[in-house]
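Heads up: the structure comes next, in structure tokens.
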2 protein chains.
Amino acid sequence: MNETKTLRQYLRHRGLKVTQQREEIAQIFLGSKRHISAEQLHQQIREIYPKVGLSTVYRTLKLLVEAGLASQRRLGERITRFEPVAGDEHHDHFICINCGAIIEFENQDLEDLQEEVAKKHKFTILRHNLELYGYCQKCRRR
Amino acid sequence: MNETKTLRQYLRHRGLKVTQQREEIAQIFLGSKRHISAEQLHQQIREIYPKVGLSTVYRTLKLLVEAGLASQRRLGERITRFEPVAGDEHHDHFICINCGAIIEFENQDLEDLQEEVAKKHKFTILRHNLELYGYCQKCRRR
DNA sequence: CGAATTTTGATTTTGATTGTCAATATCAAT
DNA sequence: ATTGATATTGACAATCAAAATCAAAATTCG
Ligand SMILES: [Mn+2]
Ligand SMILES: [Mn+2]
Ligand SMILES: [Zn+2]
Ligand SMILES: [Zn+2]
């Protein structure tokens, strides 16, 4: 678990405390399925660490995002979902409006073109959100 | 006001009723500033039509979206904003994280490239969201 | 250890949006 | 114009994810 180290470093760097709960939450989060909600993660954590509260899950997810270990998304639903970030990778999403499937993809041309458009408008991009809604392979025919 | 006609047609086509409130809300919405919230729109409407309720504003905005006269966005905030749609135009957004400015842009290459990527993944795009967050021209230097 | 500081978690609160429902409006057929 | 079936309205309550509260507990560092 290298990410655990990254979290500890981030916390110390900010003068925050390395607590049991933060380590437990990070541990479970990093091993959980992608695009998980705070509530779902809380359920999973409780199976192993029954005393952890939902508030602390919300707070720790925020820290993980700040530390660059998680990314936060609102993919068409009203709830926020989180996913672990491996290194400096980036990806975007297809979302099937029929079955709810989330398909991740990466395309450097798309990223480059965005930068080009930004340059034209004298805008500096720090991050972006691209969500493509429609039908997945299984759902597209009827 | 050609859009008023479009709304009437849409309502009749769906067996819905053309009401005072729907026409009033549409009228004010179409003349309002872009990226307005339901609450803000309700304020504006009340200045001229004081009896219109917030629920009806929400319901009518939904109808306007369905009729293709409005588009609905969540640009990083927790609230939903609406903007009138002119014809079949489409655009995406830069959002300045410093001053909150929203800059609209259109780029056909970007749209085409998205389609290309979708084809590779056997995904059919019906709609999409692209939000580029960063600094606008004014805010980018310091 | 001991004190200063931060964190936790049960609980309450917030706030945007949606649901409820009795009163009212619309509209097609008389 | 009147009627009656149906849809709509608006005040209000409900929902629900997320944020705030705060006393008790944990962490850190000398
Ligand atoms: Mn993802
Ligand atoms: Mn816009
Ligand atoms: Zn699907
Ligand atoms: Zn700016």
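Numbered from 1 within each chain, the chains take letters A, B, ... in sequence-line order.
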Picking from C:dG9, D:dG10, D:dT28, the nucleotide nearest the side-chain atoms of A:V18 would be D:dT28

Notebook entry, point to check: What orientation do B:H35 and B:H93 show, parallel under 30°, tilted 30 to 60°, or perpendicular over 60°?
Noted result: perpendicular

Separation of D:dA19 atom C1' from A:H42 atom NE2, nearest Å, is 16 Å

Q. Can a donor-acceptor pair under 3.5 Å be found between the side-chain atoms of A:T80 and the base atoms of D:dA18?
A. no

Mind checking A:L16 for me? I need base, sugar-phosphate or nothing, with any heavy atom below 4.0 Å counting as a touch.
sugar-phosphate

B:R8 atom CZ is separated from C:dT26 atom C1', nearest whole Å, by 14 Å

Out of D:dT28, C:dG9, D:dA5, minimum distance to the side chain of B:K17 belongs to D:dA5

Within-4.5 Å side-chain heavy-atom neighbours: A:Q44 and A:I36
yes

What is the ring orientation for B:F94 with A:H121, classed by angle as parallel under 30°, tilted 30 to 60°, or perpendicular over 60°? tilted

Any B:F105 side-chain heavy atom under 4.5 Å of B:L132 side chain = yes

Assert: residue with more 5' nearest nucleotide on DNA chain C, out of B:Q20 and B:R81, is B:R81

Residue-phosphate contact under 4.0 Å: B:R78 side-chain N/O, D:dA18 OP1/OP2: no

Can we say B:E131 and B:R73 salt-bridge, meaning some charged N sits less than 4.0 Å from an Asp/Glu carboxylate O?
no

Nearest-nucleotide check on DNA chain D, A:R59 vs A:S37; residue mapping nearer the 5' end is A:S37

Between CG of B:L11 and P of C:dC27 the distance, given in whole Å, is 9 Å

Phosphate-side-chain proximity, B:Q21 and D:dG10, N/O vs OP1/OP2 below 4.0 Å: yes

note: A:E39, atom CD; D:dC16, atom C1'; distance rounded to Å ~ 9 Å

Between CD of A:E77 and P of D:dA18 the distance, given in whole Å, is 10 Å

Taken to the nearest whole Å, NZ/B:K62 to C1'/D:dT9 is 16 Å

* Asked: Under 4.0 Å: is that the gap between some side-chain N or O of A:S55 and OP1 or OP2 of C:dG9?
  -> no

Closest of D:dG10, C:dA16, D:dT8 to the B:T56 side chain is D:dG10

When rounded to whole Å, the CG to P distance for the pair B:L7 and D:dT8 reads 12 Å

Whole-Å distance, A:R73 CZ to D:dA17 C1', equals 20 Å

